Each structure stands twice: as C-alpha cells, then as structure tokens.
*Asks:* 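Dropping a structure here in structure tokens format, bear with me for questions.
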Protein chains: 2
Amino acid sequence: MPYSSNPLVRKLFAFAPLTVEEQAGLASVQSSPILVPRGKEVFREGQNGHRVFIIQAGWASSYKELPNGSRQIINIPIPGDCVGLRSVLLRTSDHGFSVLTDASLTTIDAPRMQQLFDEFPAIRAAFLWSAARDEAMAVEHLVGVGRRSALERTAHFFMELAERLMMVGLGTETQFKCPLNQYVLADALGLTPIHVNRVLRVLRERNLLTLRAGSVLIQDLPGLIKLASYRSVDNRTDRGN
Amino acid sequence: MPYSSNPLVRKLFAFAPLTVEEQAGLASVQSSPILVPRGKEVFREGQNGHRVFIIQAGWASSYKELPNGSRQIINIPIPGDCVGLRSVLLRTSDHGFSVLTDASLTTIDAPRMQQLFDEFPAIRAAFLWSAARDEAMAVEHLVGVGRRSALERTAHFFMELAERLMMVGLGTETQFKCPLNQYVLADALGLTPIHVNRVLRVLRERNLLTLRAGSVLIQDLPGLIKLASYRSVDNRTDRGN
DNA sequence: CGACGCTTTGACACAACTCAACAACCGTGG
DNA sequence: CCACGGTTGTTGAGTTGTGTCAAAGCGTCG
C-alpha cells in the first residue's frame with residue numbers, strides 16, 4: 001500500500017512500486033494545490049499546453065467542442081488523474097478541460113517534468129504506463145460510442161467509473177458519489193440529455209442501477225456486466241475471454 | 001527532407017530532425033520486412049505485446065471486437081505508422097491488428113526499443129510525439145462517432161486519410177488509392193455497410209467526393225471541409241479557430 | 001416566495017438499421 | 001470463350017432507436 005496522501009503518488013504507485021526518494025520527488029515537483037470553483041474552464045482547446053494538471057480532489061471533464069455547438073466529453077478525470085500530458089508533448093491542447101465540482105488541482109510544468117524523468121526513470125515509466133492506460137480507456141470509449149447501444153454504453157460507463165473510483169478509495173463495488181448531471185452524461189455518452197434520462201429510467205426499472213441525488217447505487221452487478229459485456233479496466237488486456 | 005527510404009524514419013523525421021546516427025539506429029533496430037497476405041490477423045486482442053509493428057507497405061486496421069460480433073476499427077495504419085506501442089507498455093494488446101491488403105511489416109522488440117531510447121533520447125521524444133498524435137487522432141475519431149452525423153463523419157474520415165497519405169507520398173490533395181471496402185468503412189465509422197453505401201452516394205451526388213474502383217477522388221475540398229468542419233491534423237492543436 | 005438548475009414525461013420526426021433482393025465485378029476453370 | 005461462384009456494391013421497403021420540441025415537476029437557495 002502507498003504511504004503518500006498525494007493522489008498522483010498513490011496512483012502511480014499502483015502501477016509500479018516507487019522508492020521513497022521517487023515518491024518524494026514526485027510530490028515535490030507538484031505546485032501547491034489550486035482551488036478551482038465548480039464549472040470553471042481550466043484551459044481550452046488550442047491553448048498552449050506547458051504543464052500537466054493533477055486532480056487532488058473533485059471531478060472534472062476533458063472534452064472537444066464542435067462548431068455546431070455540440071460537445072463530446074473525452075474523459076472524466078477523478079482524483080489522482082492527470083490531464084494534459086498529451087498537450088505538453090504536442091505543445092498545444094487538443095481538448096478543453098473544466099471542472100465539474102469545486103476542485104483542487106496541482107500542476108507540474110514541462111521542464112520540471114523533464115528533470116523528474118531524467119532523475120527517476122521509474123517515474124517516467126510509471127507515467128507512460130498511466131498514459132497508456134488512459135489511452136486504452138479512450139479507445140474503449142470509442143468502441144462504446146461506435147458499437148454499443150445507448151443502454152449498454154451507459155451501463156458500461158458507470159461500471160468503469162465505479163471501478164476507477166474504488167481504486168482511489170472513493171466508492172465501493174456497489175455505491176459511489178456521482179455529481180454528474182444528465183447533460184454531462186449525455187456529452188460523455190454521445191446522447192441527448194433526454195435520452196440519457198430514458199436510459200437511466202430503464203436501468204432503474206430493471207433494478208440494475210439507480211442514480212439519485214448525486215449517488216449511484218449498483219443493484220445488480222452481474223446483470224450490468226452481462227448487459228454491457230463489461231471487462232474490468234485491468235483485465236481488458238488479458239488473454240482470451 | 002528525410003533521406004531514408006524507411007517509412008518510419010521518414011515519419012519521425014517529420015516530427016523532429018534526426019541526426020544521421022539516429023536515423024541509422026532507428027533503421028537498424030527494425031527486423032527485416034515480413035510479408036503478410038491480405039486479411040491476415042497479425043495479433044489479436046489479449047495477446048502478449050512484446051514488440052511494435054511498423055507498416056512498410058500496404059494498409060492495415062486495428063480494432064476491437066464485441067461479444068455480439070460487431071467490430072469497431074480504431075485506426076487504419078498506413079505506411080510509416082506504428083502499431084502496438086501501447087501494447088508493449090501494457091504488456092498485452094487491448095486491440096486486434098490485421099492487414100487489409102498484402103503488406104510488408106517490420107518489428108522492433110521491446111528490449112531493443114528500450115536500448116534505442118536510452119542511446120538516443122531524441123528518438124524517444126519523436127516516438128512520444130508520434131504516439132501523442134495518434135492518440136489525438138483517436139480522440140478526434142471518438143468525437144466524430146459521438147457527435148457527427150454519418151455524412152460529416154465519413155467526409156471527415158476521408159479528408160484525414162487524404163492528409164495522412166499525402167504526408168507519406170501516397171496521394172495528392174485530391175486523389176488517392178483506397179482499398180477499403182464498405183464493410184471496413186462501416187466498422188471504422190460506426191455505421192452499417194448499407195448506410196455507408198448511401199452516404200457515399202450522397203457525397204457523390206453532391207459532387208463532393210467519389211470512391212470508385214479503389215480510388216478516392218476529392219471533387220470539392222472546400223465543400224467537404226465545410227461539411228465536416230475539418231481541421232488539418234497538424235493544426236488541430238492551434239490556437240483559436 | 002420566486003428563480004433557477006435539473007429531471008421527467010409526452011408526442012412526434014428522422015437518421016440509421018434490418019431484411020431482402022439484385023447487380024456488377026473479377027478471377028477461375030472448363 | 002463463356003459459365004460460374006464469390007465478393008462487393010446498390011437499391012427498396014419497412015422498422016426502430018435516438019433526437020427534437022415543448023412543457024411540466026421538483027428541490028434548493030437566496
């Protein structure tokens with residue numbers, strides 16, 4: 001088990017054991033926490049990306065907007081997650097980033113990041129692993145939007161979320177806080193808010209899952225797994241079925 | 001301009017100038033080309049990913065399959081593209097990979113890759129950049145499937161393809177060979193083959209784009225750009241609009 | 001209390017899917 | 001040379017999942 005209270009350290013530790021020095025280095029390059037009010041756009045698409053943001057507390061979203069006004073949410077970062085790694089590499093951000101609740105963020109700027117990587121190769125490896133996992137999640141997201149029905153996709157979304165939240169100690173197998181409203185869910189799932197509402201109703205009526213008052217209650221995990229043909233985030237890359 | 005005939009060297013050179021030594025190193029770690037017959041699955045989801053494949057010639061696809069038999073194509077790699085970088089990091093592949101035409105591939109195994117990175121940091125940086133760009137394309141793909149109509153999405157797909165092919169000298173602004181059949185297009189676009197057919201008809205009837213006999217002819221580039229609100233791959237990360 | 005943000009519901013429209021043929025193309029073999 | 005089968009493309013008719021538009025319900029907070 002990790003010792004640090006820093007969510008990023010905790011998360012990277014889950015990928016690979018880090019020495020005390022590495023943990024300390026990782027913690028020390030981060031800025032002091034910045035408090036961001038709910039709804040605030042931290043950076044927007046096209047903006048220069050010279051640093052990485054790490055969620056300490058709160059929920060966020062990264063997304064792209066189209067000229068016609070619609071929006072696709074790419075990812076819902078939660079505590080411990082990094083945002084903007086790709087932006088640093090590409091120099092500018094290809095997506096917007098805003099927080100959905102009051103949140104606390106730290107940052108690492110590009111030069112410090114580089115120094116850290118040079119000094120601690122294990123940290124570089126851990127970041128690469130984490131980034132690869134994020135990308136795998138984006139790919140799974142693409143599959144969902146391209147080939148799963150609204151119902152399957154929604155079920156899948158909540159199970160993945162549950163799993164991620166559990167890993168950072170923000171929920172159990174069957175229950176977690178979820179401050180996402182139906183507009184946000186719609187933009188994440190590639191649906192309209194109205195249809196999200198209908199889908200949620202079906203999930204509720206089938207006693208699979210209930211979202212009420214900012215909390216998700218998973219009532220029938222096997223049923224959901226079957227419905228969405230869900231595979232655990234960490235087993236997606238396992239052999240066979 | 002790059003001097004090497006190796007497509008990977010050419011491509012990475014486009015990201016950052018590489019010294020002669022770096023180019024030589026990059027070429028020398030690659031296996032000799034493997035010829036793969038059209039339709040062959042090179043690796044499948046869940047398989048161990050201990051090496052990266054580089055397309056020398058031919059077309060390919062990486063995809064995920066769902067238990068219900070449907071399939072979502074993640075990417076259509078063309079010469080110069082790498083497949084399986086993420087798989088190396090995550091130890092197993094989260095997607096399948098097969099070639100669509102007779103193709104020639106080289107590989108780099110994980111340990112050699114690591115040596116190369118240690119010896120030539122610039123190559124590591126170039127790979128990271130390339131990987132970031134690929135991920136940005138996947139994200140754009142997600143946006144398309146989530147928030148663009150079938151027509152817009154299809155138009156977008158072909159323009160992006162045109163641009164990528166042009167970069168490796170396999171097409172012009174308005175014309176390129178395209179051996180993708182409507183089933184493949186359907187799996188890439190998240191549509192049914194039948195609907196792809198109808199969409200292609202509309203594009204043809206509006207004198208925007210014609211796919212015939214394995215070749216795409218772009219008849220009205222401004223019209224397509226407007227229809228799909230397309231932005232060039234390399235300008236997606238530019239500031240503003 | 002009213003205003004606001006969010007959820008819920010209903011009626012209807014439409015984009016995309018399904019099912020079912022048929023047509024064009026192409027390589028193969030008689 | 002033509003006949004053939006397999007693959008790919010094309011078209012039509014009907015269905016359905018999801019979107020659109022419009023309105024009402026419901027908490028909460030100032």
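Here the structure is a predicted model, which means the values were calculated and not measured.
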*Asks:* State, yes or no, whether a side-chain contact exists between B:R86 and B:H95 at a heavy-atom distance under 4.5 Å.
*Replies:* yes

*Asks:* Give one of base, sugar-phosphate or nothing for A:G214, where a contact means two heavy atoms less than 4.0 Å apart.
*Replies:* nothing

*Asks:* Enumerate, atom names and distances included, each donor-acceptor pair closer than 3.5 Å involving a side-chain atom of residues 185-202 of chain B, sequence neighbours excluded.
*Replies:*
unit_1	atom_1	unit_2	atom_2	d
B:D187	OD1	A:R147	NH2	2.8
B:D187	OD2	B:R71	NE	2.8
B:D187	OD2	B:R71	NH2	3.1
B:T192	OG1	B:H195	N	3.3
B:N197	ND2	B:Q182	OE1	3.1

*Asks:* List for me each residue that meets side-chain hydrogen bond (donor to acceptor under 3.5 Å, both in side chains) alongside B:S31, sequence neighbours excluded, and say none if there are none.
*Replies:* B:T107

*Asks:* Does this structure show an ion pair linking B:K64 with A:E140, if we count only N-O contacts that are shorter than 4.0 Å?
*Replies:* yes

*Asks:* Distances for protein N/O vs nucleotides 18-24 of chain C N/O pairs under 3.5 angstrom?
*Replies:*
unit_1	atom_1	unit_2	atom_2	d
C:dT18	O4	B:R198	NH2	2.9

*Asks:* Who pairs with A:A60 by side chain to side chain contact (heavy atoms under 4.5 Å, CB included), at least two apart in sequence or on another chain?
*Replies:* A:I55, A:P77, A:F97, A:V99

*Asks:* When you match A:R147 and A:R201 each to their closest nucleotide on DNA chain C, which lands nearer the 5' end?
*Replies:* A:R201

*Asks:* Any ring pair (Phe, Tyr, Trp, His ring centres under 6.0 Å) pairs touching residues 135-162 of chain A, not counting sequence neighbours?
*Replies:* A:H156-A:Y230

*Asks:* What is the distance from CZ of B:R153 to P of C:dA16, rounded to the nearest Å?
*Replies:* 7 Å

*Asks:* Could you list by number each residue of residues 180-187 of chain B showing a heavy-atom separation from DNA chain D of less than 4.0 Å, or answer none if no residue does?
*Replies:* B:N181, B:Q182

*Asks:* So which pairs with a foot in residues 164-182 of chain B pass salt bridge (charged side-chain N to carboxylate O under 4.0 Å, His left out), sequence neighbours left out?
*Replies:* B:D81-B:R164

*Asks:* Rounded to the Å, how far apart are A:L191 CG and C:dT8 P?
*Replies:* 15 Å

*Asks:* I'd like to check the side chain to side chain contact (heavy atoms under 4.5 Å, CB included) partners of B:P7; sequence neighbours left out, ordered by chain and number.
*Replies:* B:Q56

*Asks:* Give me each pair satisfying salt bridge (charged side-chain N to carboxylate O under 4.0 Å, His left out) with a member in residues 151-163 of chain A, each pair once, sequence neighbours excluded.
*Replies:* A:E160-A:R236

*Asks:* Return each pair, listed once, that meets salt bridge (charged side-chain N to carboxylate O under 4.0 Å, His left out) where at least one residue sits in residues 33-43 of chain A; pairs must be two or more places apart or across chains.
*Replies:* A:E41-A:R44

*Asks:* Taking only residues two or more places apart in sequence or in another chain, which ones pass side-chain hydrogen bond (donor to acceptor under 3.5 Å, both in side chains) with A:N6?
*Replies:* A:Q30

*Asks:* Would you mind classifying the nucleic acid contact of A:R38 as base, sugar-phosphate or nothing, using non-hydrogen atoms under 4.0 angstrom?
*Replies:* sugar-phosphate

*Asks:* Regarding A:G39, tell me which of base, sugar-phosphate or nothing describes its non-hydrogen contacts under 4.0 Å with the strands shown.
*Replies:* nothing

*Asks:* Going 5' to 3' along DNA chain D, between which two nucleotides do contacts with chain B fall, using a heavy-atom cut-off of 4.0 Å?
*Replies:* D:dT8 to D:dA13

*Asks:* What does A:R204 touch in the nucleic acid at a heavy-atom separation under 4.0 angstrom: a base, only the sugar-phosphate, or nothing?
*Replies:* sugar-phosphate

